[in-house]
Amino acid sequence: RQIGREWRDCFDELRRFDSKASDKQVLSEFIRIKREKKEQLFRYIEKKEGVKIGGDRILYAQVKRLHEYKRQLMTAFALLRLYYDLKEKKIRDFAPSVFLFGAKSAPSYVRAKGIIKYINEIIKTINADTETNDRLTAVFVTEYNVSYAEKIVAAADVSLQVSTAGLEASGTGNMKFMMNGAVTLGTMDGANIEIVGKAGEENNYIFGARVDEINKLRESGYEPEAYLKEHPEWNRIVGTLVDLTFSDEGKGYFADLYNALTAGTSRHKPDRYFILRDIDEYYRAIIQVNGDYKDRIGFAEKQLKNTANSYYFSSDRSVAEYAKRIWEL
């Protein structure tokens, strides 16, 4: 209703939302629609997964192919830290939240399967705890597909795009989330760089090492075990891979993940995707998002600014640019 339907034929029309991003009436309508899309998603999850999600929760989503460089394991660590800090009353003012995972691993990618198992073990513990599950829940959808994607992307408040800087070729999922009014919480990697360039870093949440620092760490030495010794709060979290807090049913998945982070293998150095370099900044960024979300109008303005500036990621624009600059048509 706000900008008509012309954007369906001319995606550039979406930028008209930019002038409406401070209109409280428009933002209230945006908030209402987001709430409606969450309700639709939560009903679908209850039907498909048997998990009931109540209330108007901030929705963090990480849905993509499962790969170590995409660092779903880092999100698992941050989620577990949130749970422990809520449980131990280290966080007292926390907007109710749900973390949503969706991913598939390659058939022979054993370590990826271990990460899926670990995330699900954490989720079972969190969702079963009545002391905290009114504020923190999580779901790993069992069959991430287009039917799920169309609901998740429309409902999400926060798009988690946390790959190690310099390793993501591009990324289109983050563009879809942006178009549907999710802020990006991520590293300066892949299309995140252009998203921030268009919508503004003030309307997104960027953390972690940049490419130049990652390259220096690779060259000059990086000691994840030393980091864990100096940071007992994260040593505790990572230690759950091997201290029997969670079970991998004797498969050895979790010990392999722990060794890959702390000791490395014959094929790679410890923590080759620099999870422990970025983990604390990631956790603090999640907390910042959660705090900002309490100002619903202010947060919705960030979200609508992302929608408005997603016009740039149109395939029509890309093809026209190729035609002019590359093909010279």
Side-chain angles (χ1 to χ4, degrees), residues 18 58 60-79 81 99 101 103 153 156-222 224 227 234 261 269 271-293 299 301-314 317-318 321:
D18 205 50
I58 180 170
Y60 301 82
Q62 188 175 20
V63 289
K64 55 184 72 249
R65 179 169 56 92
L66 202 302
H67 196 285
E68 289 168 272
Y69 88 84
K70 293 180 181 289
R71 301 200 293 189
Q72 286 95 341
L73 181 59
M74 186 169 71
T75 302
F77 289 152
L79 177 61
R81 171 79 182 273
F99 281 73
F101 298 86
V153 171
D157 294 301
V158 186
S159 168
L160 301 176
Q161 305 291 337
V162 301
S163 56
T164 309
L167 295 183
E168 188 66 76
S170 175
T172 56
N174 48 1
M175 301 174 194
K176 297 181 182 78
F177 278 108
M178 180 194 193
M179 290 172 186
N180 282 270
V183 301
T184 296
L185 195 172
T187 52
M188 283 297 269
D189 192 36
N192 291 356
I193 297 168
E194 291 176 296
I195 286 172
V196 169
K198 293 297 177 182
E201 192 162 344
E202 70 277 10
N203 295 311
N204 293 282
Y205 297 82
I206 299 301
F207 73 93
R210 309 294 170 105
V211 173
D212 57 347
E213 182 183 345
I214 293 291
N215 290 335
K216 286 177 183 177
L217 287 171
R218 284 198 184 100
E219 294 168 4
S220 62
Y222 171 60
Y227 179 87
W234 290 113
L261 284 171
K269 293 180 180 180
D271 192 15
R272 60 176 163 172
Y273 297 115
F274 301 92
I275 286 175
L276 297 178
R277 160 58 184 84
D278 286 350
I279 184 63
D280 200 67
E281 288 186 29
Y282 185 28
Y283 179 73
R284 301 299 165 192
I286 291 170
I287 294 292
Q288 183 185 348
V289 169
N290 191 274
D292 290 351
Y293 184 79
F299 197 83
E301 183 172 350
K302 293 176 184 287
Q303 293 179 291
L304 194 55
K305 283 277 188 180
N306 274 278
T307 298
N309 287 282
S310 68
Y311 75 88
Y312 176 78
F313 298 101
S314 163
R317 181 203 58 79
S318 297
E321 199 169 292

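When reading the values below, keep in mind they use all heavy atoms of this one structure, side chains included, and skip hydrogens, waters and symmetry mates.
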Expected output: side-chain Asp157 to main-chain Ala182 donor-acceptor under 3.5 Å: no
Closest non-hydrogen atom pair, Ile286 against Ala78: CD1-CB, 3.8 Å
Backbone of Val196 reached by a side-chain donor or acceptor of Glu201 within 3.5 Å: no
Non-hydrogen side-chain atoms of Leu185 and Phe207 separated by less than 4.5 Å: yes
Lys269 side chain near Arg218 side chain, heavy-atom distance below 4.5 Å: no
Donor-acceptor under 3.5 Å (Glu202 side chain, Lys302 main chain): no
Flag side-chain contact, heavy atom, 4.5 Å: Ile195 against Phe177: no
Nearest heavy atoms of Arg65 and Ala103, plus distance in Å: C-CB, 4.4 Å
Ile275 and Tyr282, any side-chain heavy atoms less than 4.5 Å apart: no
Side chain to side chain contact (heavy atoms under 4.5 Å, CB included) between Leu73 and Leu261, worked out: CA-CA 11 Å; Leu73 181 59; Leu261 284 171; 4.2 Å; yes
Heavy-atom side-chain proximity of Arg272 to Glu68 below 4.5 angstrom: yes
Main-chain N/O of Ser159 paired to Asn174 side chain as donor or acceptor, under 3.5 Å: no
Listed partners of Tyr283 passing ring pair (Phe, Tyr, Trp, His ring centres under 6.0 Å), at least two apart: Trp234
Minimal non-hydrogen separation, Thr187 against Ile206, with atom names: O-CD1, 4.4 Å
Residues Glu213, Arg277: salt bridge by 4.0 Å N-O rule: yes
Met178 backbone acceptor or donor facing Asn306 side chain under 3.5 Å: no
Test side chain to side chain contact (heavy atoms under 4.5 Å, CB included) applied to Val158 and Phe299, step by step: CA-CA 11 Å; Val158 186; Phe299 197 83; 4.3 Å; yes
Check: Leu79 and Tyr60 side chains under 4.5 Å, non-hydrogen atoms: no
Minimum heavy-atom distance between Asn204 and Ala199, given as atom pair plus value: ND2-CB, 3.8 Å
Listed once per pair and sorted, the salt bridge (Lys or Arg N to Asp or Glu O under 4.0 Å) pairs that draw on residues 164-188, sequence neighbours left out: Lys70-Glu168
Lys64 side chain to Gln161 side chain, donor-acceptor N/O pair below 3.5 angstrom: yes
Tyr205-Asp292 side chain donor-acceptor pair, cut-off 3.5 Å: yes
Gap between atom CZ of Arg71 and atom CG of Leu160 - 0.5 Å precision: 12.0 Å
Smallest separation among heavy atoms of Ile279 and Phe77, with atom names: CD1-CB, 3.9 Å
Salt-bridge contact Arg284-Asp280 (side-chain N to carboxylate O under 4.0 Å): yes
Side-chain H-bond candidate by donor/acceptor type, Ser163 with Tyr273, under 3.5 Å: no
